[in-house]
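Residues take their numbers from the sequence shown, with the count starting at 1.
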Amino acid sequence: MNYFKEIDGSLLFKRRKEIVEITPWGTGLRVRATQNHAFSGKNWALDTPLKTQGTIQIEDKRATITNGKITAVITVFGKISFYNQDGKLLLKEYYRSWDYGTENWEDLDQIVMVKMAARTYKSVGGDNYHTTVRFEAHPDEKIFGMGQYQHSYLNLKGCSLEMAQKNTQASVPFAISNLGYGFFWNNPAVGRATFGHNITEWDVESCREIQYWATAGDTPAEILENYTAVTGRPPMMPDYALGFWQCKLRYQTQEELLAVAREYYKRKIPVKVMVVDFFHWPQQGDWCYDKNYWPNPKKMAEELNEMGMKLMVSVWPTVDRASIHYQEMMERDLLVRCDRGIPVTMDCFGMEQFIDVTNPEAREYIWNICKENYRENGVELFWFDEAEPEFTHADFDIYRYYDGPALECANEYPVQYARAFYEGMQTEGVKKTINLIRCAWAGAAKYGALVWSGDVPSTFTQLRNQFTAGINMGLAGIPWWTADIGGFHGGNIHDPNFHELLMRWFQLGAFLPVMRLHGDRDPHDKKPLGFTGGGMCGSSADNEVWSCPPHVEEMMVKYIHIRDSLKDYIREAMAEAHEKGTPVIKALFYDFPHDTNCWENQDEYLFGHDLLVAPVMEANVRERKVYLPAGCDWADAYTGELYSGGAFYEVDAPLDKIPVFAKAGCGIRLK
């Protein structure tokens, strides 16, 4: 019996209830598998047609397909293994027992009484299945990427990760292995990825088909470039975004925001973006200013422009029942549905539903309103908060999108949210589009998504977690990333302990893709201004550089100027992100893959290619150990003192200084 066919450049396998298709895609292979009679037709993040020409060979008991440096071998039992161009095994599916794939008696170690197939399907109704894909685990493997999770593990081996979008958590399911491959789970269903010592497992609760993509490369850079070529790379970041952004929980009025901007301008502190945060509107879903508190936003934007500052405005995807747009959106089916219970997806100062941005009509609807009310009043960029979206109760089985049940597609929501405004800005002729967003999935980068890590608490533990989150986001193909400098919750501007944390976080922030001061500062001494609209929400303590003692302000101003002095250097890093998908901040092994110490390093990173940053992420630390990679010499970026690469050093880290080293000869000095 012939189980294999070549159809239109793809290798097709069919046995019993399952069909499997392996297709050359970009510089890798896309795998689809289902127990339905046909594939769904959904390309998800592989939405740019990049089907390429591979090489297929069919034999009696197996077939192979090669594209680029990766080869897949599939047997008559349906077992798939992946090899690189040198014949090295990279990844193979996990099967147990003779019945499920053991092909000869040399595989006796895999013959066990507990039968297990690599791909399993459990019906959950209709043509949807709870699916699981299993791979053999390698004991010495190191795995990176997968997006943003709030833990300190840069190497994800041994971790179990929820594939669901939540405040501070962004599932971007692309993993880079030190064995020389990249694996992208092209499935936005809610589920879990487990990188165990005994098994690697991808499990989702509801989908119509398994779909993933794999590639091979000689370096992490080659692997990531292969991946970003098929999922998309960011536009070129506009120059103004390279500087310092000023933000706080919320400025309550137009005059308050302008007073802050004028003070920065008076002090000659270069601020490039000023932010109007949430509840500046009459009702959620109105997507306009409350004129009681923001009487002339166009004039406000013009004054900011005269001071060299751009205006950013927060947009929530929530639509309150009292909104002027609610009834029309409900009648036109532009809101996320609730399959049971009352139609409410969030409870925040009222009962709201999220706009369903997976619906093209809804994307056009929200953009047209924001264009008229914000863009035409001088807004240069948008801030998409609540973009997971943040359901008050994350019971994904209740909700339904235009693209399908939430269990099947919820993780794509932030991509489509970013897409709505990216496409709108493109129609306005804006090529360098950038929008701040609180979540991401694969493909978000090409829509100008600048992801920040959400509402993290103001603690050193969380500072350490943001380091890990930022590096792994870059390795998952999201090179534009930042965090609230100082954390969001719990920082008291009168507390010396917070001052230390803020200083260390601010130093780190100067060497992130975007430098943005934000936070819900204590004490909460800004009371509500009224009982309706934009007046009903109070605000936090001040969050400007002069809000803390003079020694804190002095250090912060110093690093704002350092950031400003690095604009040409940062612009080069942004150009590489745009052209190749290269992370702006990257693990040491990205540039030094042959240095084993770089694969072990968990607390340093490269900012661009020439600067090594060694942040202090613990309280009361005034010196720290630094590893400088082999292959070049390094200089203290402040003093010029030379160090040999390939060695560990104890270096000073006074409270007002973050250790930074420059590649010898690059010409960078920080002053």
Side-chain angles (χ1 to χ4, degrees), residues 148-150 162-171 188-192 205-206 249-250 277-287 314-323 325-327 329-330 333-359 362 366 383-418 437-441 451-457 484 488-490 520 524 528 532-534 536-540:
Q148 172 184 284
Y149 292 88
Q150 296 304 319
E162 181 188 33
M163 291 190 292
Q165 314 294 27
K166 295 179 179 178
N167 187 352
T168 77
Q169 176 175 296
S171 173
V190 174
R192 182 165 294 275
E205 296 185 32
S206 181
L249 176 67
R250 62 185 301 268
D277 202 343
F278 72 143
F279 278 90
H280 63 268
W281 44 68
Q283 293 288 346
Q284 294 174 67
D286 287 353
W287 298 306
S314 174
V315 175
W316 280 25
T318 49
V319 184
D320 193 275
R321 291 187 175 193
S323 168
H325 301 300
Y326 177 80
Q327 191 65 32
M329 296 185 76
M330 182 181 67
D333 194 25
L334 303 183
L335 303 172
V336 174
R337 298 183 191 177
C338 296
D339 280 348
R340 59 185 185 274
I342 60 175
V344 174
T345 55
M346 187 178 183
D347 180 7
C348 179
F349 286 92
M351 295 188 291
E352 293 85 32
Q353 283 177 260
F354 289 105
I355 183 171
D356 183 2
V357 290
T358 72
N359 184 339
I366 189 174
W383 173 5
F384 308 136
D385 210 338
E386 302 293 330
E388 299 80 22
E390 189 178 18
F391 295 112
T392 294
H393 296 287
D395 299 320
F396 294 103
D397 60 307
I398 295 175
Y399 309 116
R400 183 175 295 271
Y401 296 94
Y402 175 88
D403 271 353
L407 284 173
E408 179 183 346
C409 64
N411 289 335
E412 70 159 333
Y413 189 96
V415 179
Q416 302 303 336
Y417 195 2
I437 190 167
R438 204 176 69 179
C439 198
W441 192 67
V451 183
W452 101 97
S453 57
D455 299 343
V456 299
D484 293 348
F488 184 73
H489 288 300
D520 180 8
H524 272 237
T532 60
M536 64 188 292
C537 185
S539 189
S540 64

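Between Ile355 and Trp287, the closest side-chain pair of non-hydrogen atoms falls below 4.5 Å. Proximity of Thr318 to Phe354: side-chain heavy atoms (C-beta onward) are separated by under 4.5 Å at one or more points. Here the side chains of Tyr413 and Gln165 are not in contact, with every heavy-atom distance at 4.5 Å or above. With a 4.5 Å cut-off on side-chain heavy atoms, Tyr401 and Val357 do not count as touching.
Taking each heavy atom of Pro317 and Asp385 in turn, the nearest pair found is CD-O, 3.2 Å. Shown here for Ser171 and Trp441, the closest heavy-atom pair between the two residues is O-CD1, 2.9 Å. Closest of all the heavy-atom pairs between His325 and Gly285 is CD2-O, 2.9 Å. Considering all non-hydrogen atoms of both residues, Val190 and Ala406 come closest at CG2-O, 4.0 Å. Of all heavy-atom pairs between Arg250 and Gly534, the closest is NH2-O, 3.1 Å. Taking each heavy atom of Tyr149 and Ala170 in turn, the nearest pair found is CE1-O, 4.3 Å.
Take Ser323 and apply the side chain to side chain donor-acceptor pair (under 3.5 Å) test, not counting sequence neighbours, and it matches Asp286. Looking at residues two or more places apart in sequence or on another chain, you find a side chain to side chain donor-acceptor pair (under 3.5 Å) between Asn167 and Asp455. Considering only residues two or more places apart in sequence or on other chains, Phe384 meets the ring-ring contact (aromatic ring centres under 6.0 Å, His included) condition with Tyr417, Phe421. Taking the ring-ring contact (aromatic ring centres under 6.0 Å, His included) definition, one finds that Tyr402 meets it with nothing, sequence neighbours left out. Contacts of Arg400 classified as salt bridge (charged side-chain N to carboxylate O under 4.0 Å, His left out), with partners at least two apart in sequence or in another chain: Asp339. In terms of the side chain to side chain donor-acceptor pair (under 3.5 Å) criterion, Thr345 has no residue partners (sequence neighbours excluded). Under the rule for a side-chain contact (heavy atoms from CB on, under 4.5 Å), the partners of Leu334 that lie at least two apart in sequence or sit in another chain are Met329, Arg332, Asn359, Glu361, Ala362, Tyr365. Judged as a ring-ring contact (aromatic ring centres under 6.0 Å, His included), and not counting sequence neighbours, the contacts of Tyr399 are Phe391. Applying the salt bridge (charged side-chain N to carboxylate O under 4.0 Å, His left out) criterion to Asp403, with sequence neighbours excluded, gives Lys42. Listed by chain and residue number, Trp316 satisfy the ring-ring contact (aromatic ring centres under 6.0 Å, His included) test with Phe278 (two or more places apart in sequence, or in another chain). Arg321 pairs by the side chain to side chain donor-acceptor pair (under 3.5 Å) definition with nothing, not counting sequence neighbours.
Here Met346 contributes atom CE and Glu390 contributes atom CD; the two are 5.0 Å apart, rounded to the nearest 0.5 Å. Between atom CD of residue Glu162 and atom CG of residue Asn411 there is a gap of 8.5 Å, rounded to the nearest 0.5 Å. Here CD1 of Ile437 is found 8.5 Å from CD of Glu388. Values are rounded to the nearest 0.5 Å. We find the OG1-CD distance between Thr358 and Gln416 to be 7.0 Å, quoted to the nearest 0.5 Å. Going from atom CD1 of Ile398 over to atom CZ of Arg340 covers 5.0 Å, rounded to the nearest 0.5 Å. Taking CZ from Arg192 and CE from Met163, the interatomic distance works out to 9.0 Å, rounded to the nearest 0.5 Å.
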As a quick check of understanding, evaluate side-chain contact (heavy atoms from CB on, under 4.5 Å) for Leu249 and Phe279, giving each step before the final call. CA-CA 10 Å; Leu249 176 67; Phe279 278 90; over 6 Å; no

In sequence, state the C-alpha distance, the side-chain angles, and the governing distance for Gln169 and Gln150, and then conclude on side-chain contact (heavy atoms from CB on, under 4.5 Å). CA-CA 7 Å; Gln169 176 175 296; Gln150 296 304 319; 5.9 Å; no

From CA spacing to verdict: side-chain contact (heavy atoms from CB on, under 4.5 Å), Asp320, Tyr326: CA-CA 7 Å; Asp320 193 275; Tyr326 177 80; over 6 Å; no

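Judged by distance alone, with hydrogens and angles left aside, the side-chain atoms of Ser206 form no donor-acceptor pair with the main-chain N or O of Glu408 at under 3.5 Å. The backbone N or O of His489 lies less than 3.5 Å from no partner atom in the side chain of Asp520, so there is not a single donor-acceptor pair. Side-chain atoms of Gln353 never come within 3.5 Å of backbone atoms of Val319 as a donor-acceptor pair (strictly under, hydrogens ignored).
Other residues, nucleotides and ligands place more than 12 heavy atoms under 6.0 Å from the NE2 atom of His524.
Under the salt bridge (Lys or Arg N to Asp or Glu O under 4.0 Å) criterion, no residue pair touches residues 342-356, with sequence neighbours excluded.
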